[in-house]
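Order of the sequence lines sets the chain letters (A, B, ...), proteins ahead of strands, with each chain counted from 1. Only a predicted model underlies this, so the values are computations on that prediction, with no experimental measurement involved. Just so it is clear, the values below take in all heavy atoms, side chains as well, and ignore hydrogens, waters and symmetry mates.
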Protein chains: 2
Amino acid sequence: MRKAKPNITELECIEENKVRSVLNRMKSESFFHDLAETFSAMSDTTRVKIIYSLCLENELCVRDIAAIIGTSDSAISHQLRTLRNMKLVRYNKVGKMIYYSLDDIHINNLVAEGLRHVDEK
Amino acid sequence: MRKAKPNITELECIEENKVRSVLNRMKSESFFHDLAETFSAMSDTTRVKIIYSLCLENELCVRDIAAIIGTSDSAISHQLRTLRNMKLVRYNKVGKMIYYSLDDIHINNLVAEGLRHVDEK
DNA sequence: CAAACACTTGAACAGTTGTTCATATATTTA
DNA sequence: TAAATATATGAACAACTGTTCAAGTGTTTG
């Protein structure tokens with residue numbers, strides 16, 4: 001016969017103590033959604049090139065980003081919108097030009113840490 | 001008439017000094033591929049939950065990860081393969097059980113930095 | 001004020017991704 | 001050795017993504 005447990009709900013698992021310990025410290029669904037979205041913003045070659053370029057040079061306009069990366073203005077503009085929506089970049093309009101920059105220091109740090117991971121492999 | 005420039009190639013851009021400065025420090029195509037792939041590994045809700053769980057508890061088996069996240073064993077197994085292929089997790093086989101853990105400290109750091117970015121927004 | 005310019009946008013299409021379901025493998029246990 | 005268990009895998013399918021192309025802003029310049 002099964003031993004009685006002091007827990008509220010049943011769990012289909014193997015090491016119940018570990019599982020409960022993690023569940024107690026688990027974050028909300030919306031947290032994981034936002035976190036995944038942040039990484040997702042950096043998960044495309046074009047976008048990560050944009051971000052890396054903005055690490056090297058604080059402010060760049062759309063045409064110059066396109067020139068650096070070697071794609072069409074349109075493709076860059078679409079990707080910049082994604083980065084804007086996901087709060088990874090800010091922009092500053094000056095006449096007909098729009099200067100983009102990274103939104104906060106954590107983006108720089110994420111690139112730096114990702115770089116270390118890649119270098120280690 | 002256009003001024004002669006001391007540069008080797010023509011560039012269709014606006015602030016040529018900035019563009020050249022970035023181009024000189026640009027990384028290789030394969031670097032950006034690897035970097036994007038690393039972020040891509042963390043860009044899905046299920047995978048980022050797996051990674052976060054492994055931040056909280058060093059070693060977890062497949063069934064327990066599935067129990068924590070609340071998905072099928074199969075879905076978790078597929079995602080763990082992705083994480084294995086991208087070198088984000090290691091595993092340790094003990095009998096019929098397989099214990100997964102994060103591959104290097106940079107993964108922990110990436111989660112921590114991503115968390116700070118999300119908290120700031 | 002018309003042309004040129006910097007950038008944005010929407011539709012469309014191919015390519016990629018994540019889950020499910022059924023089945024397979026390997027190990028342990030009865 | 002047969003059944004149970006822990007995990008892996010392949011196919012299939014819907015959902016999502018990134019680019020291109022054509023057309024649209026809004027601003028500057030001749």
| field | Positions of residues 36-72 of chain B (non-hydrogen atom under 4.0 Å from DNA chain D), listed by number | value |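 Close to the strand are B/Cys61, B/Val62, B/Arg63.
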
Do side-chain atoms of [X] reach the backbone of [Y] as a donor and acceptor pair under 3.5 angstrom?
{"X": "A/Ser53", "Y": "A/Lys49", "answer": "yes"}
{"X": "A/Arg63", "Y": "B/Cys13", "answer": "no"}
{"X": "B/Thr38", "Y": "B/Asp34", "answer": "yes"}
{"X": "A/Arg47", "Y": "A/Ala41", "answer": "yes"}
{"X": "A/Arg90", "Y": "A/Ser101", "answer": "no"}

| request: Check every strand shown and say whether A/Tyr99 touches a base, only sugar-phosphate, or nothing at a heavy-atom separation below 4.0 Å. | output: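 Counting heavy atoms under 4.0 Å across all strands, no contact is made by A/Tyr99.
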
| task | Tell me what A/Leu80 touches on the nucleic acid: a base, only sugar-phosphate, or nothing, going by heavy atoms under 4.0 Å. | result |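 Answer is nothing: A/Leu80 stays at 4.0 Å or more from every strand.
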
Can you tell me how far apart [atom1] ([X]) and [atom2] ([Y]) are? Round to the nearest 0.5 Å.
{"X": "B/Ile50", "Y": "B/Ile69", "atom1": "CD1", "atom2": "CD1", "answer": "4.5 Å"}
{"X": "A/Lys87", "Y": "A/Glu37", "atom1": "NZ", "atom2": "CD", "answer": "9.5 Å"}
{"X": "B/Asn109", "Y": "B/Leu115", "atom1": "CG", "atom2": "CG", "answer": "12.5 Å"}

| task | Sequence neighbours left out, what pairs pass ring-ring contact (aromatic ring centres under 6.0 Å, His included) with at least one residue falling in residues 58-103 of chain A? | result |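 The answer is A/Tyr91-A/Tyr100.
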
| Is it the case that A/Arg81 and A/Ser77 place a side-chain donor and acceptor less than 3.5 Å from each other? |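 On atom types as modelled, these side chains do not qualify, holding no pair under 3.5 Å.
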
| Hey, where on DNA chain C does chain A first and last touch, going 5' to 3'? Cut-off is any atom under 4.0 Å from a heavy atom. |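 Extent of the interface on DNA chain C: C/dC5 to C/dG10.
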
| For residues 82-92 of chain B, which residues have at least one heavy atom under 4.0 Å from DNA chain C? |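 Close to the strand, none.
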
| task | For A/Ile98 and for A/His78, find the nucleotide of DNA chain C with the closest heavy atom, then tell me which residue's nucleotide is more 5'. | result |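 Its nearest nucleotide being more 5', the pick is A/Ile98.
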
| task | Could you check B/Tyr100 against A/Ser74 and say which one's nearest nucleotide on DNA chain D is further toward the 5' end? | result |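 Looking at the nearest nucleotide for each, B/Tyr100 comes out on the 5' side.
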
| request: Please determine if A/Lys27 forms a cation-pi arrangement with A/Phe31, meaning its NZ or CZ atom is less than 6.0 Å from the six-membered ring centre and no more than 45° off the ring axis. | output: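 Judged by the rule, A/Lys27 and A/Phe31 form a cation-pi pair.
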
| task | Quick one: list whatever passes salt bridge (charged side-chain N to carboxylate O under 4.0 Å, His left out) with A/Lys18, sequence neighbours left out. | result |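 A/Lys18 satisfies salt bridge (charged side-chain N to carboxylate O under 4.0 Å, His left out) with A/Glu15 only.
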
| Is it true that B/Arg20 and B/Glu16 make a salt bridge, defined as a side-chain N closer than 4.0 Å to a carboxylate O? |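 A salt bridge is present here (some side-chain N lies under 4.0 Å from a carboxylate O).
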
| Range on DNA chain D touched by chain A - first to last nucleotide, heavy-atom distance under 4.0 Å |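 Boundary nucleotides touching chain A, in 5' to 3' order, are D/dA6 to D/dT28.
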
